[in-house]
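Remarks on the structure that follows.
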Amino acid sequence: MPLKVYNNLTRKKEEFAPIDPSLVKMYVCGITPYDETHLGHARAYVTFDIIKRHLEYSGYKVKHIQNITDIDDKIIKKAKINDQSISEVAEHYSNSFFEVMDKLNIKRADVYPKATEHIKEMIGWIKGLQDKGFAYELNGDVYFEVQKFKGYGKLSKHKMEDQQAGARVELDARKKDPLDFALWKAAKPDEPYWLSPWGNGRPGWHIECSVMSTKYLGEQFDIHGGGLDLQFPHHENEIAQTEALTGKAPWVKYWLHNGFVVINQQKMSKSLGNFFTLIDIYKKFDPMVVRFFLLSTHYRSPLNFSDAQLKEAEEAYQKLTSTIDNLDFLISKVKTAENDVEVAETDDELAVYKRKFGEMMDDDFNTAGAIGVIFELVKFINDHVKEEKIDKESLMHDKQMIIGFCDLLGINLVGKTSSGDQSFNIEKLIEERNQARGGKNFKRADEIRKQLEDNGIILEDTAYGTKWRKNA
RNA sequence: GGCGCGGUACCCAAGUGGUAAGGGAACUGUCUGCAAAACAGUCAUUCGGCGGUUCAAAUCCGCCCCGCGCCUCCA
């Protein structure tokens, strides 16, 4: 079954076919490091992490570029408040970004190009656009003239004449068209600047993505991604600049956008101030729970956030870890198989889940459906584990299957269970309790259970002996 | 005004023509000294509403209601 992706340019699910059949080139819009990373960012980057992982699983090599906008009004403002340089601010929040992303088990991009390291190339592009008649200068500012680019609006489906320009933002009367956007901004006093043919200034926001993506991926590539909020104007403007300059269309074959994180039915956003940083969320929840939560809804749908919903994700995630925990315990207790027949039979049945899982992921990265398959598998395994003739090999295959699926989703299950832990006291108390139980001294047995429980240890008596786990 | 997204059980959520996955919660049962975990059963004759097309609709078409997003910076 072929991989299908929803292309926002055509508004259709399309069969995925990269320009170079063996290498997928993907550019994802990165952060502006002026504040802590929040759940909305996490959703975006988990989404593209999943896309990358599934492409790799499907046999493609993926070249992944993600920019860092390290020069911007908000960074300048923050630097003034903190009495720091803009690079100090950018570096601080970039580092923090990588820290929280690593905890979410997000694979690093191949290159994280910074805007400030590509100013020369940007100036070159802007000059090129000016030479071709797509840009004009106004007192040190340079604007892209939208009317000159006939495809403007093709991504966001905006018709220029229908736009209510100035509906929310004050018009700049000097511009030829309200939709014209800045390629270069003249420096105001007190602002950092670079030298340019138009005087001291700095690049506009959109130009960096065009310049850096084509620098690392070529003039045409496969996937360009980001949050849905970037569709207009950012991505629309990027298309206009790039196709105007290179003359090659389409610049990008597939445009992928993730949906918003929503709080009380409102978009989580910086400007509304209703955002939750990952640093704060991690104080209450394991990053893997956060990742599981983000993947439990399809990436294009809005995702409602609340503690209660994270709590539900935690319960579900723990069902997975406890299954692995139980399997580990059984594996340590059960005999090896007497013949290969039983193992092979189980493997045949497991193959069904593998197929279903793959179909879900091939259908526009349907992680929510794929998680559903994992739980079907868990149910199947727990059921067949009850059989008396269960053997070590089958159990190990079962375990590997669950871990394998979770790996494809970047969900780490290993290291979350308590089976690897050693604690002399716990084992000793369990032994004492079992002696008490043997002598029908249930009062003492329950005392020990309570004592361990108070220390966060839950005991479970099974047919194969007593196992313990940490209380979550 | 333009463009677009969404409305599936108590909650979350998959499903875009073939008769409603999965998770959480709840209740009942099996197991257990008691628990826990696990398993079994119950939990939407129904998918915002009303019409239409079809042998067949949550899925297609039309109208309507509700919520949200973009058209400023935002993942």
Side-chain angles (χ1 to χ4, degrees), chain A residues 8 11 13 28-32 34 37-48 72-74 153 156-170 178-179 205 225-234 236 257-262 265-272 275 292-293 296-298 300-304 306 308-309 311-320 322-323 325-326 329 356 360 363 366-379 381-386 437 440-443 445-446 449 453 458-463 466-469 471:
Chain A
N8 225 352
R11 306 287 162 101
K13 270 187 202 171
V28 180
C29 280
I31 52 156
T32 302
Y34 72 100
T37 309
H38 62 72
L39 192 62
H41 299 115
R43 183 168 199 207
Y45 301 118
V46 165
T47 294
F48 289 97
D72 164 272
D73 286 349
K74 295 180 290 285
S156 57
K157 315 301 174 204
H158 284 169
K159 292 189 186 104
M160 291 175 63
E161 58 273 23
D162 289 336
Q163 291 298 292
Q164 212 168 50
R168 295 169 65 194
V169 69
E170 211 175 312
L179 287 169
W205 172 37
L228 195 54
D229 43 3
L230 298 181
Q231 184 184 56
F232 191 92
H234 184 51
E236 196 68 63
H257 294 103
N258 62 277
F260 300 126
V261 175
V262 166
Q265 299 191 317
Q266 273 197 313
K267 177 188 167 190
M268 177 184 289
S269 77
K270 290 290 204 180
S271 28
L272 287 168
F275 60 93
F292 183 95
F293 168 71
S296 62
T297 300
H298 186 88
R300 285 191 283 114
S301 302
L303 171 63
N304 208 51
S306 68
Q309 260 141 32
K311 188 76 193 153
E312 282 191 11
E314 187 172 57
E315 303 277 356
Y317 174 72
Q318 278 166 3
K319 180 162 182 157
L320 260 26
S322 77
T323 300
D325 209 19
N326 291 341
F329 182 77
K356 285 171 86 174
M360 288 296 179
D363 183 13
N366 187 350
T367 53
I371 286 172
V373 176
I374 294 177
F375 282 107
E376 286 177 34
L377 170 70
V378 163
K379 190 159 202 156
I381 288 173
N382 278 326
D383 192 32
H384 112 265
V385 149
K386 287 171 70 183
R437 289 171 73 215
K440 304 259 183 218
N441 185 358
F442 297 123
K443 184 166 175 278
D446 287 345
R449 184 203 287 285
E453 194 181 325
I458 303 292
L459 296 185
E460 296 177 10
D461 297 322
T462 79
T466 301
K467 74 188 280 283
W468 63 270
R469 63 185 167 85
N471 191 8

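Computed over heavy atoms, backbone and side chain alike; hydrogens, waters and symmetry mates excluded. Keep in mind it's a predicted model, so treat the numbers as computed, not measured. Naming convention: chains lettered A, B, ... in sequence-line order (proteins, then strands); numbering from 1 in each chain.
- Base engagement by A:Lys267 is indicated by at least one non-hydrogen atom pair under 4.0 Å involving a base atom.
- Within 3.5 Å, no donor on the side chain of A:Asn304 pairs with an acceptor on the base of B:C12, nor the reverse.
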For RNA chain B, the expected dot-bracket line (Watson-Crick or G-U under 3.5 Å, [ ] crossing, | inter-strand) is ((((((((.[[[..)..(...]]].(((((.......))))).....[[[[[..)....]]]]])))))))....

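- For B:G49 and B:C3, the P atoms lie 27 Å apart once the distance is rounded to whole Å.
- At a cut-off of 3.5 angstrom, counting only N and O atoms as typed in the model, there is a donor on one side and an acceptor on the other between the side-chain of A:Arg449 and the base of B:A35.
- For A:Arg300 against B:C5, no side-chain N or O and base N or O form a donor-acceptor pair under 3.5 Å.
- Counting atom types as modelled, A:Asp446 pairs a side-chain N or O with a base atom of B:G33 as donor and acceptor under 3.5 Å.
- In this structure, A:Lys157 has no side-chain hydrogen bond (donor to acceptor under 3.5 Å, both in side chains) partners at least two apart in sequence or on a different chain.
- Residue contacts shown for A:Val261 include a base, since a base heavy atom lies under 4.0 Å away.
- In this model, the phosphate group of B:C34 is not approached by any side-chain N or O of A:Lys443 to a distance below 4.0 Å at OP1 or OP2.
- Looking only at side-chain heavy atoms (C-beta outward), A:Lys467 and A:Asp325 come within less than 4.5 Å of each other.
- With hydrogens and angles ignored, a donor-acceptor pair closer than 3.5 Å exists between the side chain of A:Glu312 and the base of B:G23.
- If you check every strand for non-hydrogen atoms under 4.0 Å, A:Lys467 touches nothing.
- Contact annotation for A:Asn326: backbone-only contact, meaning every heavy-atom pair under 4.0 Å involves sugar-phosphate atoms and none involves a base.
- Although no hydrogens or angles enter the test, the distance criterion places no donor-acceptor pair under 3.5 Å between the side chain of A:Arg43 and the main chain of A:Asn258.
- One finds no side-chain N or O of A:Asn258 lying less than 4.0 angstrom from the OP1 or OP2 phosphate oxygen of B:A75.
- Here the separation of B:A75 from B:G62, taken at their C1' atoms, is 37 Å to the nearest Å.
- With centres under 5.5 Å and a plane angle under 30° as the test, the ring of A:Phe375 is not stacked against the base of B:G22.
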